[in-house]
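A note on names: the letters A, B, ... follow the listed sequences, proteins ahead of strands, and every chain is numbered from 1.
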Amino acid sequence: MTVKKETPKESLFVSGHRACHGCGMALGARHILEATGDDVIVVSPTGCLETFTSPYGFSPWRVPWIHHVFENAPAVASGVVAALRAQGRDHTRVVAIGGDGGTFDIGFGALSGMLERGDDVLYICVDNGAYMNTGGQRSAATPPWAATTTAPAGRQSMGKAEMKKDLPEIVAAHGIPYVATASIAYLGDLKKKVKKAMTFHGPRYIQIDTPCPSVWSFPSHLTLEIGRLGVNSGLVPLFEKENGTITATRKIKRKVPVSDYLDKQKRYRHLFDSEQGQFEIEKIQALADTNIEKYGLLSV
Amino acid sequence: MDDIRVVEGSEAVALAIKACRPHVISAFPISPQTHIVEGLAKMVADGDIDAEYVRVESEFSAASVLAGASAAGSRSYTASSSQGLLLMTEVLYASAGMRLPFVMTGVNRSISAPINIQVDHQDSMSLRDAGLIQFYVESVQEAYDMHLAAFKIAEDPNIMLPVMVCMDGWVLTHSYERVQFVDQQAVDDFLPPFAPEHYLDPAAPKTWGSYAESDVMMEFKYAIHKAMTDGKPRIREILRELSAMTGRDNNGLIETYRTDGADIILVALGSVTGTVKDAIDELRDAGRKVGLLKIRCYRPFPHEEIWQAVKDANVIAVMDASFSMGSEGSIGLDLKAKLFGRPQAPMVVDFVAGLGGREINARTIRRLVVRAEEIHRLGLVLPEAQWVNLDASIVS
Ligand SMILES: Cc1ncc(C[n+]2csc(CCOP(=O)(O)OP(=O)(O)O)c2C)c(N)n1
Ligand code: SF4
Ligand SMILES: [Mg+2]
């Protein structure tokens, strides 16, 4: 038997950055770049990714990377695209990688503008469901009943009382060619989607579930496991939508109850302490079941 | 051979920008700036200008597009006014910090509330600390000329800062004036293509917009200040080259008008300086020793030139069209800061005039001169800012 050994190429996102141990986002960034290749310019808004990769004088980025402010990554990306076109540098592609706060909330107007203009940007949201860089405050991407520092659990609160904004659908409604969701728990699938997105022109959007051990509060060796449980419970549906039509979903081989996902994270701890909490867990289970139904996640 | 035409101020600016061959233009409407970007849109639509034109969803994005384009190595331009300029504030600070040399026109208009679309300088003055180089122009011709110089100043390797050319809304943007245009070949010789040493390039990947700790933060900020203050000789030099090209006197960070032997010197910027010059002619005819100091370059602040021009006067009467609430007008504050402690420095009296488009005419200026003389005669120490032509029946 011969073992085929791949010559390891130098990574485009090298070690030495300052992410927390077990950070899902750092893992995601490295694999995103493996899929895009090196002829890209990356734009990031303010957030964990920016902070842990850019202490002045150091950088893990082996591609050109620019951070400007928190709410403008899509517009900065549009500017880079316009410049590349004006200069005839047509081969170089533009990728924005930003957190959920920068994407769902404060940068949403700029994102919608970029999508509507049809600019040739692959926008990737590395979604950890809260404002982590500032310590874990609620965002529009925070899932219901998770506790955050600005929507904490308390005697009269079960954490976030609202749904997660359905950004992939909202983005798709702009009529863009490619929308996908992915998880760092399935890196092969993630890279395949990034590669496919790179074959399209115009705005494209990928939302990646990136568990955050520090703020979701789980042991840092469980990042992939938590990611997998999210997917296999149905809470994190993985799909691709091309030109408005769902073209693929990642099937769940063995469905797990949502409580298996929730009970490993401190942000849901309060749900297990009360009768009311049990009731909310049932509601979360219903959300997962709705996803499974809507996207046909169970293989038949 | 001379290309002289009567054009609207906005069109003159659009034609100056066209002559500078920008790669990227971003646009969002707000009065009174809109005619400029509309003019450029038509030029792009007719194929008269080879630029990417990005129709953004806010001024925040208009400035952000310039940041991205500039970092990627392209000459880029936008224009805005009032609320739009304030909305850009955060982006402009970050762009100056990252040394992105784009150019914008700040078409001056007041700030809400109350909402008002007439001219004053509160908008651009609110951005004076951002790290932008700021010019203020008197006429449509000067607006045209200064836009030609703006990119050359912004992109100078030792400056590398955004430049804002400020021009009064309506008064300049919407008035028709005789303008002498410069031949394209001359502009091309004056302004070579933008070729920055660093730009976003996969062949030489660099990290832009880093996180700085307290060990380097002050040095970054000081570097901007240094680029401005050390840039003054270079700006003067570029304005001399501009003058040689235009055949007009665009020289100097300031301009003086009949200041020789003047006891009172009015200090102003923008289009009102035209009115002031006329008023000074009348006052001089009547034997009053009055002159004008017009500030052309407001940031960096040309205090050396100002001192030379005012040192023999008794009173400086500043005409501020913006105000720092609870304190004084912007130019008044600058002058006091820079003249304080100079032996025999003239007294500075700050007049707040023309907010929200309130008319300033020759009579206003005569009254202001009389009031300045009176305050000087009374020998008031640190007089409060004087609000000109306030309607006492409304505010008292
Ligand atoms: C205009 C503005 N408001 C607030 C902040 C503070 N801030 C910086 S990063 C951040 C949170 C980022 O959250 P997200 O986009 O989800 O990225 P994450 O850190 O979670 O990866 C906040 C609130 C800022 N830098 N700028
Ligand atoms: S807080 Fe979370 S997202 Fe941020 S670096 Fe740490 S693990 Fe990563
Ligand atoms: Mg986040």
Salt bridge flag under 4.0 Å for residues B:Lys42 and B:Asp48: no
Between B:Asp156 and B:Lys152, does at least one N-O distance fall below 4.0 Å, as a salt bridge requires? no
Validation row: [X], [Y] side chains within 4.5 angstrom (heavy atoms):
{"X": "A:Asp38", "Y": "B:Pro202", "result": "no"}
{"X": "A:Met198", "Y": "A:Val40", "result": "yes"}
{"X": "B:Met164", "Y": "B:Leu85", "result": "yes"}
{"X": "A:Val76", "Y": "B:Val65", "result": "no"}

How close do [X] and [Y] get, heavy atom to heavy atom, and via which atoms?
{"X": "B:Leu161", "Y": "B:Gly131", "value": "CD2-O, 3.6 Å"}
{"X": "A:His17", "Y": "A:Pro60", "value": "CB-CG, 3.9 Å"}
{"X": "A:Trp65", "Y": "A:Ser44", "value": "NE1-OG, 2.9 Å"}

Portion of [X] that has a non-hydrogen atom of chain A nearer than 4.5 angstrom:
{"X": "B:Val56", "answer": "both"}
{"X": "B:Glu57", "answer": "both"}
{"X": "B:Val91", "answer": "both"}
{"X": "B:Ser70", "answer": "neither"}
{"X": "B:Thr207", "answer": "both"}
{"X": "B:Glu213", "answer": "neither"}
{"X": "B:Tyr199", "answer": "side chain"}
{"X": "B:Leu200", "answer": "both"}
{"X": "B:Arg55", "answer": "backbone"}

Looking at [options], which makes the most heavy-atom pairs under 4.5 Å with chain A?
{"options": "B:Ala67, B:Ser64, B:Ala71", "value": "B:Ser64"}
{"options": "B:Ser76, B:Ser61, B:Ala51", "value": "B:Ser61"}
{"options": "B:Asp215, B:Leu100, B:Val216", "value": "B:Val216"}

From A:Glu10 CD over to A:Arg62 CZ, what is the distance, rounded to the nearest 0.5 angstrom? 6.0 Å
Can you list the steps and then say if B:Asn158 with B:Asp230 is a side chain to side chain donor-acceptor pair (under 3.5 Å)? CA-CA 9 Å; B:Asn158 293 316; B:Asp230 291 0; over 6 Å; no
Among A:Ser59, A:Ala82, A:Ala77, A:Ser78, residue most engaged with chain B (heavy-atom pairs, under 4.5 Å): A:Ala82
If you count heavy-atom pairs under 4.5 Å with chain B, which of A:Ala75, A:Ala83, A:Pro64 comes out on top? A:Pro64
Anything in residues 115-138 of chain A with a heavy-atom distance to chain B below 4.5 Å? Please list those residues in order. A:Arg117
Aromatic ring proximity, centroids under 6.0 angstrom, B:His147 and B:Phe151: no
A:Asp39 portion near chain B, given a 4.5 angstrom heavy-atom threshold: both
Taking side chain as everything from C-beta outward and backbone as N, CA, C, O, which of these in A:Val43 sits under 4.5 Å from a heavy atom of chain B? Side chain, backbone, both or neither. neither
Run through B:Phe220, B:Trp208, B:Tyr211 and flag the one making a ring-ring contact (aromatic ring centres under 6.0 Å, His included) with A:Tyr56. B:Phe220
Distance under 6.0 Å and angle within 45° of the ring axis: does A:Lys165 meet both against A:Phe108? yes
